[in-house]
Amino acid sequence: LVRCGYERSKGQSAHGRNRMLPGDRHSDMIVTGRTAKPVVLCWFFAGLFMHFRWFWGLLPWHRVYDIGTVLSVLGFLAAGGVAFYEVMRFGA
């Protein structure tokens, strides 16, 4: 189960949002601030990978399948690298 919590904390602007990571229902793991955006992009690119891999892979258009799969993997790796950098630099 994937849950994204959009909660506004005290004194937090409308642009600053919290992202809840997947886990069991009693998970207290919330990624906030600068780290949250790359984590959401990781989930987005993982979804794109699945879309290109298992939807476009069934159709005879292999160029769309190949290019989309490669771009989604590269995007996932880039977003994951930025998220890792943000965690190491600023903390979660």
Quick one: do Leu71 and Trp54 end up in the same hydrophobic cluster if we chain Ile, Leu, Val, Met, Phe, Trp and Tyr together by side-chain heavy atoms under 4.5 Å apart?
no
Got a list of side-chain donor-acceptor pairs under 3.5 Å for residues 74-84, not counting sequence neighbours?
none

Closest heavy-atom pair and its distance - Ser72, Phe49:
OG-CA, 3.3 Å
Ile67 reachable from Trp56 in the ILVMFWY side-chain graph, under 4.5 Å edges
no
Gap between atom CZ of Phe44 and atom NZ of Lys37 - 0.5 Å precision:
16.0 Å
Are Val64 and Leu58 in one and the same hydrophobic cluster, where Ile, Leu, Val, Met, Phe, Trp and Tyr link if side-chain heavy atoms are under 4.5 Å apart?
no
What residue pairs, at least two apart or across chains, pass side chain to side chain donor-acceptor pair (under 3.5 Å) with a residue in residues 62-71?
Arg53-Tyr65
